[in-house]
Protein chains: 2
Amino acid sequence: MELLSVSLAAYYGDFTVAAASEHLTASQGKTLSVLRRGPASMSVLATTLTCDASNMTGIVDRLEKRGLVRREPSPSDRRVKNVVLTAEGERAIDVIRGRMHHTLDGLSRLDERERDTFYALLERVFTSRPAPDGA
Amino acid sequence: MELLSVSLAAYYGDFTVAAASEHLTASQGKTLSVLRRGPASMSVLATTLTCDASNMTGIVDRLEKRGLVRREPSPSDRRVKNVVLTAEGERAIDVIRGRMHHTLDGLSRLDERERDTFYALLERVFTSRPAPDGA
DNA sequence: TATTGTTATACTCTATAACTATA
DNA sequence: TATAGTTATAGAGTATAACAATA
């Protein structure tokens, strides 16, 4: 648990610094990261980021003001707004991931077989949470 | 990188919820987590948490006000203050770690050999950052 | 009635800049 | 001169409670 704590602090610090290089906060970067997989409603975003729905309003407001995301009305439920990554937003998160030097260097220390093992273990340990697949 | 992002978000969410159950913010919890390894100066804490030194003042202020940490003058350098975990603080971080149910459940899915492999890989990937060992 | 998203509020986190004390 | 820590400030993140629109 101690080792996990240290490892994740290293990853999180790396991500925070990389996001700052694009003038984004960690929360804004995490939001783009989630949306990289596809559009998500405000409530799904809040659940995934483990924060209250009311926070997402402000975070998405700032991202939208900078043209990195776009709110779209859901066709199936008029209460819902789906948040979509713009081309600019996609570029931003890709740049951030490419600048996570400590993490990328760390991964490059593993050969292909080790990397596969690592990913498989990560998946088994962390991929049992209720994955929100919201409309 | 996508998988890392998802995995670490899961861990971070788990930690945040567990810390909240002790009425602590994520930053306060991370600070206790660092101090669990031993005392650290304000500047070492800031470096480890990847934040500005001025932030640590407020975070440690609040933790100290609740009796979870203690500031002690360094014997070797009168500018330095070492932050020490109190017995209460130690209890708090141990409780938090014991409440990280998603992560603990995830780890319990691995047998002993797999767990060793996982830890070894984590160490190789993430343990090359300049580890601050400050006085 | 319940849910989605927003607003208002209060507190915490965060970086920058300026400061004091010490090295 | 440089470094450790604090203070002041402004912007961002955070949860709670109350609200409008929709289901």
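So you know, we letter chains A, B, ... as the sequences are listed, proteins then strands, and number each from 1.
Paired regions of DNA chain D, where each region holds three or more successive Watson-Crick or G-U pairs whose two hydrogen-bonding distances fall under 3.5 Å, are C:1-23 with D:1-23.
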Return all side-chain donor-acceptor pairs below 3.5 angstrom for residues 51-59 of chain B, not counting sequence neighbours, or 'none' if the list is empty.
unit_1: B/D52; atom_1: OD2; unit_2: B/S54; atom_2: N; d: 3.0
unit_1: B/D52; atom_1: OD2; unit_2: B/S54; atom_2: OG; d: 2.8

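Between B/R78 and C/dA21 there is no side-chain N or O to OP1 or OP2 distance below 4.0 Å.
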Exercise. What string of B, S and - do you get for nucleotides 5-14 of chain D 5' to 3' if you count protein non-hydrogen atoms under 4.0 Å?
Worked result: SBB----SSB
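When the ring-ring contact (aromatic ring centres under 6.0 Å, His included) test is applied to A/F118, no partner is found at least two apart in sequence or on another chain. Under the side chain to side chain contact (heavy atoms under 4.5 Å, CB included) criterion, B/S21 pairs with B/R99, not counting sequence neighbours. Qualifying salt bridge (charged side-chain N to carboxylate O under 4.0 Å, His left out) partners for B/E90, counting only residues two or more places apart in sequence or in other chains: B/R36.
Between the CG atom of B/D77 and the P atom of D/dA2 there is a distance of 17 Å, rounded to whole Å. Residue B/L45 contributes atom CG, which lies 13 Å from atom P of D/dA4 at whole-angstrom precision.
Between the side chains of B/R97 and B/S33, at least one donor-acceptor pair of N or O atoms lies under 3.5 Å. In this structure, a donor-acceptor pair under 3.5 Å is present between the side chains of A/T103 and A/D14. One side chain, B/S74 or B/S76, offers a donor N or O that lies under 3.5 Å from an acceptor on the other.
Of the possible polar contacts, none joining the A/S41 side chain to the A/V80 backbone as a donor-acceptor pair under 3.5 Å is found.
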